[in-house]
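Labels below follow one simple rule: chain letters A, B, ... track the order of the sequence lines, proteins then strands, and each chain is numbered from 1.
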Amino acid sequence: MRELLVITGPTASGKSRLAMDIAKEVPLEIISADSMQVYRHMDIGTDKPSMEDRKKVRHHLLDLKNPDEQWSVEEFQRFSEAAIDEIRARGNVPAIVGGTGFYIRALLKGFPLVDAPPNLKFRREMQDMATRSGNEAVHDLLRDRDPWSWEHLHPNDLKRVIRALEYYDAVGHPISLRREAKSSRRYEYLMLGLQWERQELYRRIDGRAEEQVRRGLIEEVRGLLQMGYSKELASMNGLCYKESCMFLEGLLTLDETKELIERNTRRYAKRQMTWFAREEGIIWIRAGNDRHWEDTLDEALQMVKARCL
RNA sequence: GGAGAGGUACCCAAGUGGCCAAAGGGGACAGACUGUAAAUCUGCUGGCAGACGCCUUCGCUGGUUCAAAUCCAGCCCUCUCCA
């Protein structure tokens, strides 16, 4: 059985490069598992694959949405499942490439699709209640409806508390039951993770902001703002964008902006590593300055050829 | 040279005799995560110990006191203003 190829790892670990290199020997099509690269006009800050790469290898789930359009895990799940079928029908190997662990988990372990979309009015109400009566008051609403969540969610984790409530409101049973539920679709997969020594990865991240600024990050963000996309949007709160908005508002100097971007990127990488550390099924492939990229690539290639072809 | 202000833990910064291993913020570190996840949230941060607790810290050296980051003396350093 041909397995699905998944390439993941923290930001700046070389996922795209690995995928592109593998594609030289294996008929790959890439499905981006990146929550930010779905947005159009956000290229430099998201480090989106170049048009050149996209010409060489077919990419999916890039530039699907405008920055103010709705997008979420569930949609990622649907779109990527469809893309997988499509790619296989063409006789190619689907490669999920990206660092958004939540998306990858949703696809692989498959959260069951449930009809509980965001309910904005409900969220508003809960939000108001929180500001009026405190986060604990909202959190306490979970007690009877979803004891597991009540116990495991911190009252200050308002987003999740509200979502748990919202879910219950829509479906009538606790969202926490979903963790036991089986997905409708399951995949056999080969999940490769690029592993770097922490300090080395951080060094790669440092200086990256400098590079992005040189490539026009600030202009990109200014353009987004001019198109009418506000800094309040989720998309505009992504790495690089949030900081660039602050710069454009005069809150930061350019140097401070670059520093902030790098720091936040390191933190992001750390969060990803924490996530992946408890994710099961990842085969880690070591990369680093003490190892030739060719060796890293070969190690990956061997497994891909053995299991995905 | 003269007049002031100040030196507190990785950084900034409270604290002016006991309730101080020392508020608060930042950073670092760790963790969580099931419909916006590059987001959001939590914990922790002198050393040793499982714990009672013990030990070493508030520029340095002495002193006063039952007791000092806090009071006194000298010294070192920093900053501002006047020369």
>> I want to check one thing: is the phosphate of B/A37, taken as OP1 and OP2, less than 4.0 Å away from some side-chain N or O of A/Thr100?
In response: no
> Between A/Thr274 and B/G31, does any side-chain N or O lie under 4.0 Å from OP1 or OP2?
Replying inline: yes
> Quick one: is B/G27 close enough that its OP1 or OP2 comes under 4.0 Å of any side-chain N or O from A/Arg263?
Replying inline: yes
>> Whether A/Lys270 contacts B/A28 is assessed here as follows: a side-chain N or O lying under 4.0 Å from the phosphate OP1 or OP2. Is that the case?
In response: no
> Does A/Arg291 make a cation-pi contact with A/Trp196 (under 6.0 Å, within 45 degrees of the axis)?
Replying inline: no
>> Once you apply a heavy-atom cut-off of 4.0 Å, does A/Asp34 come out as touching a base, just sugar-phosphate, or nothing?
In response: base
>> Tell me whether the side-chain N/O atoms of A/Arg267 come closer than 4.0 Å to OP1 or OP2 in B/G27.
In response: yes
> Does A/Arg271 place a side-chain N or O at less than 4.0 Å from the phosphate oxygens OP1/OP2 of B/U40?
Replying inline: no
> In the structure shown, which nucleotide is the Watson-Crick or G-U wobble counterpart of B/A21, with both distances under 3.5 Å?
Replying inline: none
> What is the distance from NE2 of A/His154 to P of B/C41, rounded to the nearest Å?
Replying inline: 10 Å
>> Does a side-chain N or O of A/Tyr103 approach OP1 or OP2 of B/A37 to a distance below 4.0 Å, or not?
In response: yes
> Any salt bridge between A/Arg215 and A/Asp47, counting N to O under 4.0 Å?
Replying inline: yes
> Between the base of B/C33 and the side chain of A/Arg160, is there a donor-acceptor distance below 3.5 Å?
Replying inline: yes
